[in-house]
Amino acid sequence: MPLRDHFKPPLPPLFRWESFHAQWASKMVDQLNEHVLPERYVAAPLISLESGIEVDVGSFEDLSAANGAGGIATFAPPKAKVEMAIDFTGLDTFEVRINETATARLAAAVELVSPANKDRPANREAFARKCASYLQEGASVVIVDVVTERQANLIQELLAFFDKKPRKAWGVVFPLYAVALRAVRDGKKVRLQGWPEELRVDEALPTLPLWLAADLAVPLDLEASYEETCRILRIP
């Protein structure tokens, strides 16, 4: 089934994007916890109301649980489509997510881009800084942008922290996109790997690798959770 345009008629004003994004995050959590994540991981939705609505799906590893896979099928992610050397020097002032449970670590985060994330330079920089801080702390990040009413590309905003000419470095400039990112460390060297996919209205959404550890990734089926959200909310 195709991606809809949630910011142009006939969907708005009856089908508000805020409701859709919140429900989509919830369906991703259901999908991950029920069918995808090993037992030692758990996903939970996080919603911030500071600037519009921002919906995240965080995947936390429970280090106190057994290391069994919980019957989850293995997943062999494809080779990274793009890769670049990065330097975290100077990024130590970024905000770091603190977990209440001392035995848990943030393994991955899924960011659903909102219009507020793209509407002004300060908001775009704040979004990019948050994603960079996750990467710096060893968590992978998936960014999903289906906002058609604003054209800013947050992949480029993020890459600008590491490369002053990210367009030349990656050449990834899509109006709508989904991308999986992780930082790979080899001694003192760090490389940023990415799996970008262009999204288009009226086309199906992709499956991306959700990296939980250096040698462990699970599939994030965006199409399945998206269509289930549309069905529940009765979006045509």
Side-chain angles (χ1 to χ4, degrees), residues 1-6 11 14-49 52-77 97 99-101 103-114 117 130-131 134 139-147 176-182 195 197 199 203-213 216-236:
M1 296 295 289
L3 172 66
R4 287 76 157 171
D5 190 334
H6 296 268
L11 293 190
L14 178 60
F15 301 100
R16 293 181 58 85
W17 71 267
E18 297 96 333
S19 299
F20 180 85
H21 273 52
Q23 185 66 37
W24 194 8
S26 178
K27 296 316 310 178
M28 285 187 188
V29 169
D30 291 345
Q31 178 192 81
L32 289 170
N33 285 337
E34 293 180 2
H35 306 293
V36 179
L37 292 178
E39 287 185 353
R40 65 183 185 276
Y41 293 90
V42 62
L46 305 172
I47 300 177
S48 172
L49 302 177
I53 291 185
E54 177 183 307
V55 183
D56 307 329
V57 178
S59 177
F60 297 89
E61 180 180 9
D62 182 358
L63 299 180
S64 64
N67 291 328
I72 302 298
T74 58
F75 172 64
R97 179 73 58 87
N99 302 323
E100 293 184 3
T101 303
T103 57
R105 71 173 180 90
L106 180 65
V110 180
E111 301 285 337
L112 302 181
V113 174
S114 73
N117 296 140
K130 179 175 67 170
C131 293
Y134 289 155
S140 69
V141 178
V142 172
I143 302 173
V144 183
D145 184 354
V146 298
V147 177
L176 305 178
Y177 56 86
V179 59
L181 300 166
R182 70 165 181 166
W195 290 259
E197 296 285 349
L199 304 183
E203 293 187 7
L205 282 76
T207 295
L208 294 177
L210 182 66
W211 289 93
L212 305 176
L216 175 62
V218 296
L220 180 65
D221 188 342
L222 296 176
E223 176 70 12
S225 58
Y226 179 85
E227 280 305 315
E228 180 64 8
T229 303
C230 289
R231 183 189 68 80
I232 290 175
L233 296 180
R234 299 184 178 181
I235 294 178

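Position 1 is the first residue of the sequence; numbering continues from there.
- Residues satisfying the side-chain contact (heavy atoms from CB on, under 4.5 Å) test with Ala180, not counting sequence neighbours, are Val142, Trp195, Leu208, Pro209.
- Looking at heavy atoms from C-beta onward, Cys131 lies in side-chain contact with Ile143 at the 4.5 angstrom threshold.
- The shortest side-chain heavy-atom distance between Asp221 and Val36 does not fall under the 4.5 Å cut-off.
- Residues Leu112 and Met28 are in side-chain contact: their nearest non-hydrogen atoms beyond the backbone lie under 4.5 Å apart.
- Side-chain contact between Val113 and Val146: absent, with no pair of heavy atoms (C-beta onward) separated by less than 4.5 Å.
- Without hydrogens or angle criteria, Asp145 side chain to Tyr177 main chain gives no donor-acceptor distance under 3.5 Å.
- Heavy atoms only, all atoms of each residue included: Leu212 and Pro38 are closest at CD1-CD, 4.0 Å.
- Nearest heavy-atom pair across Ala213 and Arg105 is CB-NH2, 4.1 Å.
- In this structure, CG on Leu216 lies 6.0 Å from CZ on Arg40, to the nearest 0.5 angstrom.
- In this view, Arg231 and Glu228 satisfy the side-chain contact (heavy atoms from CB on, under 4.5 Å) rule, not counting sequence neighbours.
- If you take CZ on Phe20 and NZ on Lys27, they are separated by 12.0 Å, rounding to the nearest 0.5 Å.
- Across all non-hydrogen atoms, the minimal contact from Leu233 to Ser19 is CD1-O, 4.1 Å.
- When side chains are defined from C-beta on, Leu210 counts as touching Leu32, because their heavy atoms get closer than 4.5 Å.
- Here the NZ atom belonging to Lys130 is positioned 6.5 Å from the CG atom belonging to Asn117, to the nearest 0.5 angstrom.
- Note that CG of Leu106 is 6.5 Å distant from OH of Tyr134, once rounded to the nearest 0.5 Å.
- For the pair Tyr41 and Val218, the minimum side-chain heavy-atom distance is 4.5 Å or more.
- For the pair Arg4 and Glu227, the salt-bridge criterion is met [side-chain N within less than 4.0 Å of a carboxylate O].
- Side-chain contact check for Leu205 versus Glu197: every heavy-atom pair is 4.5 Å or farther apart.
- Put simply, CD on Gln23 and CD1 on Ile232 are 5.0 Å apart, with the number rounded to the nearest 0.5 Å.
- Using a 4.5 Å heavy-atom threshold, the side chains of Ser225 and Val29 count as separate.
- To the nearest 0.5 Å, the span separating SG on Cys230 from NE2 on His6 amounts to 5.0 Å.
- Using the six-membered ring where Trp is involved, Trp17 and His21 have ring planes that are perpendicular, over 60° apart on the 30 and 60° scheme.
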